[in-house]
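Let me begin by presenting the structure, written as structure tokens, before commenting on it.
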Amino acid sequence: MKFLDEAKIYLKSGDGGDGCVSFRREKYVEFGGPDGGNGGRGGDIVFEAVSDLNTLIDYRYTQHFKAQKGHHGQGRDKSGASGKSITIRVPVGTQIIAEDKKTILLDLARPGQVETFLQGGNGGFGNAHFKSSVNRAPRRANPGASGEELWVWLRLKLLADAGIIGLPNAGKSTFLSVVSRARPKIADYPFTTLAPQLGVVTVDESAFVLADIPGLIEGAHEGSGLGDRFLGHIERCRVLLHLVDGTQEDIANTYHTIRKELKLYEQDLTTKYEVVVLSKCDALTDEEIQEKCGVLRQISQKEVIPISAVTGQNVTKILRILHQAIVVR
């Protein structure tokens, strides 16, 4: 199934049914009073977060959702039936955002979370409601209230325990394919991964969810290379695994580019726990590994671990560090 993390949809809750003007007409009852019933309430628009979905692809093709109108009232004090509500099932981690693409209206971050988003219109009163000691035969009834309507954006931010970040072609997809059953596309060119990938990682009889975030580039916080959407998925990760390509000449600049984009997108991202890794060490000599780890250690002020997803060097060690960091947080 194709991954889609953003979609625009139209929502409209149901209109309320109209009240009824009616009078009792029955043999031997000379002065039958008003017996017009009330209109039914319009259906609601409801969102439900479900764990068995991981994409918004369904909402690329189905974009209009209208709840049922309430039925009109009838004579003999019969109230109209309420309209049926519509429940829209979305993946856990979906945000409902206003048309300006900035204002968050609803955040569905918990499995099973159910929220009424738009309420249906109230039904109108029938003339029986307006009967009083002064006015015994009212000929007045209210129309039903209109439902609410709105265009909104659905934006999915993946829920993962840890996220892999780095420049394009840093070895993120290869690492994920080695430590989990996920099978992302792997090739020797930038932007092989065009959508976030999730994998369940098992280490020492414990498991956690690892996300492969597509490669970020300079200007990602402004949308370059769809970077602003990719950065959004990092927000919900508790731990970041920063892969720095060991075959790059200027690894200091490589590291700083990613850290700068995290900071410019949202300051809080730079405070997340970060594990720094020098990847593709199977292509380096021992002297090169030692030198580049030293450079990264100096600029990041963190322990730097050399790994090779191809040979398995230090892969299990990294997974244990990630798991421990996730448990603590």
For this session: Please assess Ile318 against Ile305 for the test side-chain contact (heavy atoms from CB on, under 4.5 Å), listing each intermediate value before the final yes or no.
Result: CA-CA 8 Å; Ile318 287 295; Ile305 303 170; 3.6 Å; yes
- May I have the step-by-step check of side-chain contact (heavy atoms from CB on, under 4.5 Å) for Ile97 and Thr103, ending in yes or no? CA-CA 6 Å; Ile97 300 175; Thr103 308; 5.6 Å; no
Checklist line | Trace of the side-chain contact (heavy atoms from CB on, under 4.5 Å) decision for Val179 with Phe175 | finding: CA-CA 6 Å; Val179 301; Phe175 182 84; 4.0 Å; yes
- Might you work through the side-chain contact (heavy atoms from CB on, under 4.5 Å) test for Val239 and Asp161, ending with a clear yes or no? CA-CA 7 Å; Val239 178; Asp161 298 307; over 6 Å; no
Run the numbers on Glu6 and Lys101 for salt bridge (charged side-chain N to carboxylate O under 4.0 Å, His left out), then give the verdict.
-> CA-CA 11 Å; Glu6 194 170 80; Lys101 300 190 77 170; 3.2 Å; yes
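With hydrogens and angles ignored, the 3.5 Å screen pairs no side-chain donor or acceptor of Gln95 with any backbone N or O of Leu108. Under a 3.5 Å cut-off, the side chain of Gln301 and the backbone N or O of Gln298 do form a donor-acceptor pair. Not one N or O on the side chain of Thr202 forms a donor-acceptor pair closer than 3.5 Å with the backbone of Glu205. Although no hydrogens or angles enter the test, the distance criterion places a donor-acceptor pair under 3.5 Å between the side chain of Gln68 and the main chain of Lys84. Side chain of Lys131 to backbone of Arg136: no donor-acceptor contact under 3.5 angstrom is found. Remark: the backbone N or O of Pro138 is paired with a side-chain donor or acceptor of Asn127 at under 3.5 angstrom. Proximity of a side-chain donor or acceptor of Ser279 to a complementary backbone N or O of Val244 within less than 3.5 Å is detected.
More than 12 heavy atoms of other residues, nucleotides or ligands sit less than 6.0 Å from atom CD of Glu115. For Gln63, the CD atom is densely surrounded, since the number of other residues' heavy atoms within 6.0 Å is greater than 12. Within 6.0 Å of atom NZ in Lys8, more than 12 heavy atoms from other residues, nucleotides or ligands are found, so the atom counts as buried in its surroundings.
Annotation for Arg238 and Lys272: closest pair O-CB, 4.4 Å, computed over non-hydrogen atoms. Closest heavy-atom contact between Ala207 and Val200: CB-CG1, 4.2 Å. Considering every non-hydrogen atom in both Ser173 and Asp212, the closest pair reads OG-OD2, 2.7 Å.
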What side-chain donor-acceptor pairs closer than 3.5 Å can you find for residues 85-92, not counting sequence neighbours?
residue, atom, partner, partner atom, Å
Ser85, OG, Asp44, N, 2.9
Arg89, NH2, Asp52, OD1, 3.4
Arg89, NH2, Asp52, OD2, 3.4

Return a table of donor-acceptor pairs under 3.5 angstrom between the side chains of residues 19-27 and protein atoms on other chains or two or more places apart.
residue, atom, partner, partner atom, Å
Ser22, OG, Asp35, OD1, 2.8
Arg24, NE, Glu26, OE1, 3.0
Arg24, NH2, Glu26, OE1, 3.1

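Taking the six-membered ring where tryptophan is involved, the planes of His64 and Trp151 are perpendicular, since the angle between them exceeds 60° and thus also 30°.
Each of Val276, Ile258, Leu262 was scored for a side-chain contact (heavy atoms from CB on, under 4.5 Å) with Leu240, with one residue passing: Leu262.
Under 4.0 Å is where a charged nitrogen must lie from a carboxylate oxygen, and between Lys66 and Glu149 no such pair does. The residues Asp245 and Lys280 are annotated as salt-bridged, a charged nitrogen and a carboxylate oxygen being separated by less than 4.0 angstrom. Using a cut-off of 4.0 Å between Lys/Arg side-chain N and Asp/Glu carboxylate O, Glu303 and Arg297 are scored as not salt-bridged.
Using a 4.5 Å cut-off on side-chain heavy atoms (C-beta onward), Tyr273 and Ile326 make no contact. Using a 4.5 Å cut-off on side-chain heavy atoms (C-beta onward), Val201 and Val209 make no contact. Considering only heavy atoms from C-beta on, Asn135 stays 4.5 Å or farther from Phe130 through its side chain. At a threshold of 4.5 Å between non-hydrogen side-chain atoms, the residues Ile164 and Leu210 count as touching.
Thr285 contributes atom OG1, which lies 3.5 Å from atom CD of Glu288 (distance to the nearest 0.5 angstrom).
Judged as a ring-ring contact (aromatic ring centres under 6.0 Å, His included), the pairs with a partner in residues 65-91 (not counting sequence neighbours) are, in order, Tyr59-Phe65.
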